[in-house]
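Keep in mind that what you see is a predicted model, and the values were worked out from it rather than measured. Both counts, for ligands and for their atoms, begin at 1 and track the order of listing.
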Amino acid sequence: MSVADVALSPIHRGSAFAVGGFGQSTTTHYSVKSVLVFLSVSGSTMPMLILESDSIAEVKLRIQTCNGFRVRRQKLVFSGRELARNASRVKDYGVTGGSVLHLVLKLYDPLLVTVITTCGKVFQFHVDRRRNVGYLKKRISKEGKGFPEVDDQEILFKGEKLDDNRIIDGICKDGNSVIHLLVKKSVEDTVKREEDTATGKDSLLEPVVLNPDVKLPEVLEDMIDRTVDGLNKGSPPVRSAEGTGGTYLMQDSSGLNYVSVFKPMDEEPMAVNNPQQLPVSSDGQGLKRGTRVGEGATREVAAYLLDHPKSGLRSVSKEVMGFAGVPPTAMVRSSHKVYNYPNGFSSCATKDAKVGSLQMFMKNNGSCEDIGPGAFPVEEVHKICVFDIRMANADRHAGNILTGKSEEGKTLLIPIDHGYCLPENFEDCTFEWLYWPQAKLPFSADTIDYINSLDSEQDIALLQLHGWNVPEAVSRTLRISTMLLKKGVERNLTPYQIGSVMCRETVNKDSAIEEIVREAHNSVLPASSEATFLEAVSVAMDRRLDELTK
Ligand SMILES: Nc1ncnc2c1ncn2[C@@H]1O[C@H](COP(=O)(O)OP(=O)(O)OP(=O)(O)O)[C@@H](O)[C@H]1O
C-alpha cells in the first residue's frame, strides 16, 4: 500500500443516530478521513496516522500513546508555526497528508550536583533530576580510579542521611540545581578529576551598549560581572533541556549557583543555529505570527524595560523589580564552546561571539505547569494578566511562569520567556491564565492605579532611548493594547473579559481586537495619520466594549 493509499483511506469512527422528520429516524454512517503525516523528532522522521478532524491535543495524545513522550513535554511546530492552541484542529493549521510536524521535547533540566567530601574537596556533575540517590552513588563510583564504591558511600544533605530511593529533584527544591552532599568515605587523596577544558581565555561575555548615554543599572552590571567571573573560573554554561531555542544557564565563580540565563539570537527557534534542529524560517517570520526570527532577545530586554515598578519609572524610582516581576534582562555578546556552533568553535572569543539576552536566574520551585492555579494569589495572577495584555504576549503558556516563594512564604509568580511579546499583529496572542479562576475577579484599586499610570507614548520613547528602533507596527500594538487595558478597567471589566478580546477562540476565527483593528482600517483613508487611525480604533473599541457591559 502506498503512502497515498494510507493517506486517503477512511477510518470509520462509528455511526451517528439522527432523528429525521416526524417519528422517522435514519442511521447516518459517517467516516472520518485519516491522514498520514510525518513526525520529525531529534533528526529522525517517522510516519504517523492521525484523523483529519483531530485537535492538537488529540494528536499530542496519539504521540504519547505511540511514542511515550508525555503530552505536557511536547511542542509541535508545523510550517514555521507553533501548534499552540490545543483545542484547535490540525487541519485549521493547514496540516494535510504528507505534512511534516516537528516535535520539540521539553526535558527536565539537569541538576548540577556538588559533592563535598569530608575534607572539603569539591567536585561536580550533572544528573537527570528524576534519578535517585542510588543512581548518584553509581555515578560517583564511575567517576574513575580512587572514587569510592557504591557500598562505601554515605550521602548526606543538610545533615540528613539520604536513602537510596530519594529522588534527586525532591531534595533540591529551590530550582538552583545545586545540592551539597557529603561522601563519608574520604576520596580526596586519590581523586584525579578531569577538569573542564574551558577556561576564561576562550570565552567572552560583555554588555551590548546601543546608546552610550544610557548607563547600565547596577543590578545588570552586577549580574554580568558575576557571570563573567563564572566563565573565567571555568564554570561552563549549562544548556537548558527545556525550551525550543538555545537557553544556557550561566554559573557563578563557585559553580554552585546559577546567576543568569543566556539566550543567543542565532539559536532562537527557526534561526540558523537552533540546537533543536527546527527548520530555518523560509521567510524570516518567527514561531509566532507578527514576530521575526532573531528579534527574541530584543523583545526580552524590552519586556524588562517596560515592566515599570509600581512606584513609577525605574529611572526615577530606582526599584529593580517591576510591577509584574520580569527578571532583570540585558543585551550581551558572548562566546563559549558550549554554545551551538554547527560549523565548529574556532576558539576565537570575539569571532564566535553571539548576541543575545542575559536574564537574571530566578530561584524557583518549577513552573505553573507543575501545579494547578488554585493556590496562586489573585494579585500575583493579575500582575501577569496586566503585563500580558499590555505586551500582547503571544507565548504565555504555563511553562513560562515560574513559581517561587516570598520571604513570608507567599507564592510568587515569575514571568519569563518574553521573546514573543509585542508582535506586529494580534493573531497568536494566547494567555494561559484566561482559564484560571483569578482572571474572573475584578482588579484591585492598586492595580487599576497602575494601569491608569501607563503611557504607551512614553513606553515607545523609552525603548527608543535604549536603542531599539521600534518598528511602526510594534508601536501600534503597544498603543492599542494599552488602550484596551485602560478602556477595560474604565468599564470595570475583569482580566478574563479584557484578555478574551485579545485572544482568538480558534485558529481561524479573528479575535475581537483583530476585528476592531480591521474596522478602524476600513473607516479611514489609506493615507491617514497614525493619530487618525488610533482615533478610529478607539471608537470601534468603545462600541465593542460597551456591548460587553450591556
Ligand atoms: N530567568 C530565569 N530564571 C530561572 N530559570 C529560567 C529563567 N529563564 C529561563 N529559565 C529556565 O530555562 C528554561 C527554558 O527557558 P525559556 O522558556 O525562556 O526558553 P525558550 O526556548 O524560549 O522556551 P519556549 O519553548 O517555552 O518558548 C525554562 O523552562 C526555565 O526552566
Side-chain angles (χ1 to χ4, degrees), residues 72-77 81-84 102-112 129 169 172-178 219-220 223 227 237-252 257-271 273-278 286-288 291 293-301 303-304 307 320-322 324-330 339-340 356-370 393-404 412-421 423 428 430 432:
R72 276 175 50 199
R73 298 265 142 206
Q74 300 176 28
K75 202 165 238 199
L76 284 172
V77 175
R81 192 172 183 201
E82 189 194 333
L83 309 186
H102 294 268
L103 174 65
V104 180
L105 292 170
K106 297 195 285 169
L107 304 170
Y108 285 97
D109 276 327
L111 194 73
L112 179 65
R129 289 167 180 273
D169 196 31
C172 172
K173 286 206 164 291
D174 69 358
N176 204 4
S177 303
V178 178
V219 61
L220 294 179
M223 171 181 77
T227 310
V238 178
R239 203 185 119 202
S240 164
E242 303 233 358
T244 33
T247 300
Y248 298 88
L249 307 175
M250 313 296 282
Q251 306 182 63
D252 70 0
N257 302 296
Y258 290 132
V259 191
S260 57
V261 180
F262 178 53
K263 295 171 77 172
M265 284 174 163
D266 68 330
E267 296 192 26
E268 286 175 16
M270 326 279 295
N273 294 331
N274 176 258
Q276 297 278 19
Q277 298 171 342
L278 279 175
L287 211 51
K288 307 283 176 173
T291 64
V293 174
E295 288 182 353
T298 308
R299 288 184 157 83
E300 293 266 11
V301 175
Y304 176 63
D307 182 27
V320 169
M321 299 308 283
V326 175
T329 314
Y339 304 151
N340 194 33
S357 58
L358 188 76
Q359 182 168 84
M360 184 177 288
F361 180 91
M362 306 297 281
K363 281 192 178 180
N364 63 86
N365 304 324
S367 76
C368 291
E369 260 177 358
D370 307 322
N393 194 353
D395 196 20
R396 178 60 75 214
H397 59 78
N400 284 341
I401 306 177
L402 303 178
T403 58
L412 291 178
L413 299 184
I414 307 162
I416 58 160
D417 199 4
H418 300 120
Y420 297 113
C421 277
D428 271 344
T430 39
E432 178 78 21

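Neither the backbone nor the side chain of Ile414 comes within contact range of ligand 1; no heavy atom lies under 4.0 Å.
Contact of the Asp395 side chain with the Lys288 side chain is registered, since non-hydrogen atoms from C-beta on lie closer than 4.5 Å. By the 4.5 Å heavy-atom criterion applied to side chains, Phe361 and Val261 are counted as neighbours. With a 4.5 Å cut-off on side-chain heavy atoms, Arg396 and His418 count as touching. Using a 4.5 Å cut-off on side-chain heavy atoms (C-beta onward), Cys368 and Thr403 make contact. Counting only heavy atoms from C-beta outward, the side chains of Leu287 and Glu268 never approach each other to under 4.5 Å.
Ligand 1 lies nowhere less than 4.0 angstrom from a heavy atom belonging to Lys363. Using a non-hydrogen distance threshold of 4.0 Å, Lys263 registers as a contact of ligand 1. Gly419 does not count as a contact of ligand 1, since none of its heavy atoms falls under 4.0 Å from the ligand.
Under a 4.0 Å criterion applied to the non-hydrogen atoms of Thr244, ligand 1 contributes the atoms 20 (P), 21 (O), 23 (O), 24 (P), 25 (O), 27 (O). Each of the atoms 27 (O) of ligand 1 lies under 4.0 Å from some heavy atom of Asp395. Annotation for ligand 1: atoms under 4.0 Å from non-hydrogen atoms of His397 are 26 (O). In summary, the atoms of ligand 1 found under 4.0 Å from a heavy atom of Leu402, numbered by their order in the structure, are 3 (N), 4 (C), 5 (N). Residue Lys75 has at least one heavy-atom neighbour below 4.0 Å for each of these atoms of ligand 1: 24 (P), 25 (O), 26 (O), 27 (O). For ligand 1, the atoms sitting less than 4.0 Å from at least one non-hydrogen atom of Met360 are 1 (N), 2 (C), 3 (N), numbered in the order shown with element in parentheses. Under a 4.0 Å criterion applied to the non-hydrogen atoms of Gly245, ligand 1 contributes the atoms 21 (O).
In this structure, Pro423 and Thr291 approach most closely via the heavy-atom pair CB-CG2, 4.0 Å.
Not a single N or O atom of Val261, backbone or side chain, sits closer than 3.5 Å to an N or O atom of ligand 1. In terms of polar-atom proximity, defined here as any N/O pair under 3.5 Å, Glu300 makes no such contact with ligand 1. For ligand 1, none of its N or O atoms has an N or O atom of Tyr420 under 3.5 Å away. Where the criterion is an N or O separation shorter than 3.5 Å, residue side chain and backbone included, Met362 meets it with respect to ligand 1. Note: no N/O pair closer than 3.5 Å links Phe361 and ligand 1 by distance alone.
Of the possible donor and acceptor atoms, one in the side chain of Asn340 sits under 3.5 Å from a partner among the backbone N and O of Asn273.
We find the NE2-CE distance between His102 and Met270 to be 8.0 Å, quoted to the nearest 0.5 Å.
By the side-chain contact (heavy atoms from CB on, under 4.5 Å) test, Glu295 pairs with Arg292, Arg299, sequence neighbours left out. By the side chain to side chain donor-acceptor pair (under 3.5 Å) test, Glu369 is found to be paired with Lys106, residues two or more places apart in sequence or in another chain being considered.
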